[in-house]
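Here the structure is a predicted model, which means the values were calculated and not measured.
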Amino acid sequence: MVSSTRNSHIISLCTFLVCCYCYSCSAKDIITRGEFINDGHNYLESPGKKFRMGFFPHGNTTELRRYVGIWYTMDPKTIVWVANRDKPVLDYTGVITVAEDGNFKVLNKDASVYFSTTTGNIAHYYISN
């Protein structure tokens, strides 16, 4: 029989691991000024969980190319929109952000702009459905 102290340690460890996993794969449905979505396991997800938006690779090439797009959650290979189609980020340092001027931007570690809207004065962006 396993002692209750050992059980509580196992439960604590499992809870910690689940929290770490959820933190590392964060999904939210809105991004506001000054917030960032990093390339990796972070993405925006529509409230209905039908769509996701984030970074993805494209093509079978030896060159690293990272794009920002929207895809179906149930079919991640079906991309429905791409922001930086003509200018992929060439490493994993890309971020999605809403800049202080209110524009949605795709940047890299050097703050080079790979995509930007020109709407201005919008405090946040989200994907719907």
Side-chain angles (χ1 to χ4, degrees):
M1 183 169 169
V2 178
S3 72
S4 63
T5 303
R6 183 161 182 213
N7 274 343
S8 67
H9 289 307
I10 291 170
I11 291 170
S12 296
L13 177 61
C14 290
T15 303
F16 173 75
L17 291 174
V18 167
C19 289
C20 287
Y21 176 77
C22 291
Y23 179 76
S24 68
C25 297
S26 76
K28 51 194 218 172
D29 64 1
I30 193 167
I31 182 172
T32 59
R33 286 185 184 168
E35 289 185 321
F36 295 90
I37 302 289
N38 296 316
D39 190 353
H41 298 286
N42 299 318
Y43 51 85
L44 289 173
E45 187 169 56
S46 66
K49 301 194 184 311
K50 291 182 182 178
F51 300 99
R52 287 186 178 167
M53 178 182 190
F55 285 89
F56 69 95
H58 179 68
N60 295 328
T61 178
T62 58
E63 184 180 29
L64 179 63
R65 296 181 192 173
R66 303 293 291 167
Y67 298 89
V68 171
I70 297 174
W71 59 87
Y72 292 106
T73 301
M74 296 302 291
D75 184 12
K77 291 184 179 185
T78 302
I79 309 297
V80 296
W81 178 80
V82 178
N84 58 327
R85 178 182 312 273
D86 297 327
K87 193 175 180 184
V89 179
L90 301 177
D91 58 24
Y92 291 100
T93 65
V95 295
I96 303 166
T97 189
V98 178
E100 290 304 315
D101 65 2
N103 286 300
F104 169 83
K105 294 184 178 185
V106 177
L107 310 168
N108 73 353
K109 67 179 183 274
D110 302 320
S112 297
V113 178
Y114 286 78
F115 176 83
S116 179
T117 61
T118 56
T119 57
N121 296 326
I122 295 177
H124 59 270
Y125 288 84
Y126 63 95
I127 55 176
S128 61
N129 268 358

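Closest heavy-atom contact between Val68 and Phe104: CG1-CZ, 4.4 Å. Across all their heavy atoms, Tyr43 and Met53 have their closest contact at CB-O, 3.1 Å. For Asn42 against Ile37, the heavy-atom pair with the smallest separation is O-CG2, 3.6 Å. Scanning both residues, Arg33 and Ala99, for their nearest heavy atoms gives CG-O, 3.6 Å.
The side-chain hydrogen bond (donor to acceptor under 3.5 Å, both in side chains) search around Asn84 returns none, not counting sequence neighbours. Residues meeting the salt bridge (Lys or Arg N to Asp or Glu O under 4.0 Å) test with Glu100, sequence neighbours left out: none.
The same ILVMFWY cluster, assembled from side-chain heavy atoms under 4.5 Å apart, contains both Val98 and Trp81. By the rule that hydrophobic residues join a cluster once side-chain heavy atoms approach within less than 4.5 Å of another member, Tyr67 and Leu44 end up as members of separate clusters. Linking ILVMFWY residues whenever their side-chain heavy atoms come closer than 4.5 Å, directly or via other members, leaves Val89 and Val95 in distinct clusters.
One finds the CG atom of Asp29 at 8.0 Å from the NZ atom of Lys49 (value rounded to the nearest 0.5 Å). Note that NZ of Lys105 is 10.5 Å distant from CZ of Phe36, once rounded to the nearest 0.5 Å. Atoms CG and NZ, on Asn108 and Lys87 in that order, are 8.5 Å from each other to the nearest 0.5 Å. Separation of atoms CD (Glu35) and CD1 (Ile96) is listed at 12.0 Å; rounding is to 0.5 Å. With rounding to the nearest 0.5 angstrom, the CG atom of Asn103 is 11.0 Å from the OG1 atom of Thr97. Atom CG in Leu90 sits 8.0 Å away from atom CZ in Arg65 (nearest 0.5 Å).
Classified by interplanar angle (parallel below 30°, tilted 30° to 60°, perpendicular above 60°), the ring pair Phe56/Trp71 is perpendicular.
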So Asp91 and Thr93, side-chain hydrogen bond (donor to acceptor under 3.5 Å, both in side chains) or not? Walk me through it.
CA-CA 6 Å; Asp91 58 24; Thr93 65; 2.6 Å; yes
Does the pair Phe51 and Tyr72 meet the rule for a ring-ring contact (aromatic ring centres under 6.0 Å, His included), with working shown? CA-CA 5 Å; Phe51 300 99; Tyr72 292 106; 5.2 Å; yes
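Using a 4.5 Å heavy-atom cutoff, the side chains of Leu107 and Val113 are in contact.
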